[in-house]
Amino acid sequence: MHGNPNLKRAGTTGLIMVAYWLMKSEPHVYPYEQLVADGSTHWDGVRNYQARNMMRDDMKEGDLVLFYHSNFKPPHVAGIARVCKEGYPDFTAQDPNSKYFDSKATPENPRWMMVDIAPVMQLEQIIPLEDIRNNPECEGMLLIRKGQRLSVQPVEEEHFLAVMRMANLSLSDLS
DNA sequence: GCCAACGTTGGC
DNA sequence: GCCAACGTTGGC
């Protein structure tokens, strides 16, 4: 039960092993601009076991993240982020004053986990969901699978690179 | 605002 | 362990 056996962590540069993710945020709640203003943030409030498991087991420091704005017209990728702190307990689950409070979460069994992310680059032009859906290079991407609603999801390298190309970016632009 | 898809809960 | 009911997600 440890780690995702399907997760590829192939080294793009041959030196640094990076995996890719997509994280959804509602811009009315927490937009990419806020991540830039904050410098980094803890990704609290995820209450889905699949997403939790990925944050707990699979997301590593330096992994790259497509920061996605959901519940917005149009829904879109707004920027690139990176994981800057690996999985640790989501303390909001143990805070009775938090809207994410979960009475089953304890210090011994925190139940929910989170990672920290930091901004890497805001896209000069957002990439709308529809453009991703219409891009043959993005075929098979979880984001555009019917019924898919995971707020944290793995992204294959070829798909990450395809989205980057849509933004006229390459990996070297991120360093 | 609608609603399909999905995850969780809880009775049995 | 099944599954109906319910709540949430999130595109449209």
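Every chain is numbered from 1, with letters handed out A, B, ... down the list of sequences. As the structure is a computational prediction, the values presented were derived from the model and not from experiment.
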Please find out if less than 6.0 Å separates the ring center of [X] from that of [Y].
X: A:H28; Y: A:Y30; answer: no
X: A:F91; Y: A:H42; answer: yes
X: A:W112; Y: A:F101; answer: no

Exercise. Does the side chain of A:Y100 come under 3.5 Å of the side chain of A:D95 through a donor N or O and an acceptor N or O?
Worked result: no
For this session: With DNA chain B as reference, determine whether A:N71 or A:Y49 sits nearer its 5' end, using the nearest nucleotide of each.
Result: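 Result of the comparison: A:N71.
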For this session: Looking only at non-hydrogen atoms, find the nearest pair between A:A105 and A:Q94 and report the distance.
Result: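 Nearest pair, atom of A:A105 first, then A:Q94: O-CG, 3.8 Å.
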Exercise. What's the shortest heavy-atom distance between A:E33 and A:H69, and which atoms?
Worked result: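 Closest pair (atom of A:E33, atom of A:H69, distance): OE1-CE1, 4.2 Å.
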Exercise. Quick one: does A:H76's side chain have a donor or acceptor within less than 3.5 Å of a partner on A:Q125's backbone?
Worked result: no
Seminar exercise, completed: chain A vs DNA chain C, heavy-atom contacts under 4.0 Å, first-to-last nucleotide span, 5' to 3', is C:dG7 to C:dC12
Exercise. Are any of the side-chain nitrogens in A:E61 or A:R82 under 4.0 Å away from the carboxylate oxygens of its partner?
Worked result: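 Looking at A:E61 and A:R82, the cut-off is not met.
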Exercise. Is A:Q50 touching bases, backbone alone, or none of the nucleic acid, heavy atoms closer than 4.0 Å?
Worked result: sugar-phosphate
Exercise. In residues 126-140 of chain A, what residues come within less than 4.0 Å of DNA chain C, judged by heavy atoms?
Worked result: A:L129, A:R133
